[in-house]
Amino acid sequence: MKLATWNVNSLKVRLPQVIEWLQTQQPDMLCLQETKLSDENFPLDEIADTGYQSVFIGQKTYNGVAILSKLQGQEIITAIPNFEDDQKRIIAATYEDLRVVCVYVPNGEMVGSEKYAYKLKWLPALVAWLREELKKYPKLVVMGDYNIAPDDRDVYDPQLWNGKVLCSQPERDAFGELLSSGFVDSFRLFEQPEKSYSWWDYRMLAFRRNRGLRIDHILLSKVLADSCIACQIDKAVRKQDRPSDHAPVMAVLSA
DNA sequence: ATGGTAGAGGATCTA
């Protein structure tokens, strides 16, 4: 079983790359973030032609999430329950006994900004909901763009980024709260290359210089973590023409 | 040099 997540930064622009990636990697589930599409414009048929079902929730211009899978998703949820939010950042679906949650955590813009306050309000709401999900679904995977680099080794220049958005202590604490609720960062179950990142700014030749952050994560419930045999970032995708600024992350479960 | 790029939409906003 291959589980993957990719912030595509416009599914309209990236659709050919997504279809090619589905065909070559054959993931069982692919979570997408920043589709930036209204639901009526979602490329359902093109994706179906590749052999994948889609569940999605989007909006014009910003945000938007989807789960592509070879199976049809059930028990679909498209928002955090009991949390007022206009932005489309969450979709969850059940595939047999596997519960998949796709998340696009707010970016936060800058420490102290209104968007940062929204991020710090959004994250505990996510954690509270996922604690309930975990009670219902022992086999739970939560993957997506968390917009949080959990540790200094996930940052190309920790001094420069110290206390900045994506790295600030309140954000890292919120991520820690999520982990301590019963999740494991699948990437850190394994030995990984030094300076492994999942996002590189489009500006300043950041990718060529490997000035990146690891902010896209696949979190597994304990039951799933026990069967995880690999996790890697597909950095080659970021080298393509007209790439997303994020690379896909993929975890492999046995059986 | 307080910069730079990409996407959406059609002037800025978001990342």
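Below, chain A is the first sequence line, B the second, and so on; all start at residue 1. Note that the structure is predicted; figures quoted are calculated from it, not measured.
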Could you check how far CZ of A:R203 sits from P of B:dG3, rounded to whole Å?
11 Å
Within 45 degrees of the axis of the six-membered ring of A:Y197 and under 6.0 Å from its centre: does A:R214 put its NZ or CZ there?
no
Starting at atom CZ of A:R89, determine the distance to atom P of B:dT14, rounded to an integer number of angstrom.
11 Å
In whole angstroms, the gap separating P of B:dA6 from CG of A:D241 amounts to 11 Å
Rounded to whole Å, how long is the line connecting atom CZ of A:R209 with atom C1' of B:dT5?
13 Å
Position toward the 5' end of DNA chain B (nearest nucleotide), A:M204 or A:N7
A:M204
If the threshold is 4.0 Å, N to carboxylate O, is there a salt bridge linking A:E177 and A:R131?
yes
Any ring pair (Phe, Tyr, Trp, His ring centres under 6.0 Å) pairs touching residues 204-241 of chain A, not counting sequence neighbours?
A:Y146-A:H217, A:F175-A:H217, A:W200-A:F207
Yes or no on salt bridge (Lys or Arg N to Asp or Glu O under 4.0 Å) for A:D97 and A:K139, after CA distance, side-chain angles and deciding distance?
CA-CA 7 Å; A:D97 63 345; A:K139 294 188 177 179; 3.0 Å; yes
Nearest atoms (heavy-atom pairs only) where A:S168 meets A:G163:
CB-O, 3.6 Å
Whole-Å distance separating the CG atom of A:N147 from the C1' atom of B:dT14:
11 Å
What contact category does A:Y104 fall into here, base, sugar-phosphate, or nothing, at under 4.0 angstrom with non-hydrogen atoms?
sugar-phosphate
Closest non-hydrogen atom pair, A:L30 against A:P27:
CB-CG, 4.3 Å
How would you summarise protein contacts on nucleotides 7-12 of chain B per nucleotide, using B for base, S for sugar-phosphate only and - for none, with heavy-atom distances below 4.0 Å?
SSS---
Can you measure A:W199 atom CH2 to B:dT5 atom P for me and round it to whole angstrom units?
15 Å
Looking at A:D157 and A:R209, is any side-chain nitrogen of the basic one under 4.0 Å from a carboxylate oxygen of the acidic one?
no
Using the C1' atom as the point on both nucleotides, what is the distance between B:dA11 and B:dA1, in whole Å?
26 Å
Under the 3.5 Å Watson-Crick or G-U criterion, the dot-bracket string of DNA chain B, with | for inter-strand pairs
....((((...))))
Without decimals, in angstroms, what is the distance between A:E114 CD and B:dC13 C1'?
14 Å
For the P atoms, the ones on B:dG9 and on B:dG4, what distance do you get once it is rounded to whole angstrom?
24 Å
Calculate the interatomic distance between A:E34 atom CD and B:dC13 atom C1'; express it in whole Å.
13 Å
Nearest heavy-atom contact between A:N107 and A:N147 is CA-ND2, 3.4 Å
Single hit among A:N41, A:N63, A:T61, A:N9 for side-chain hydrogen bond (donor to acceptor under 3.5 Å, both in side chains) with A:K36
A:N9
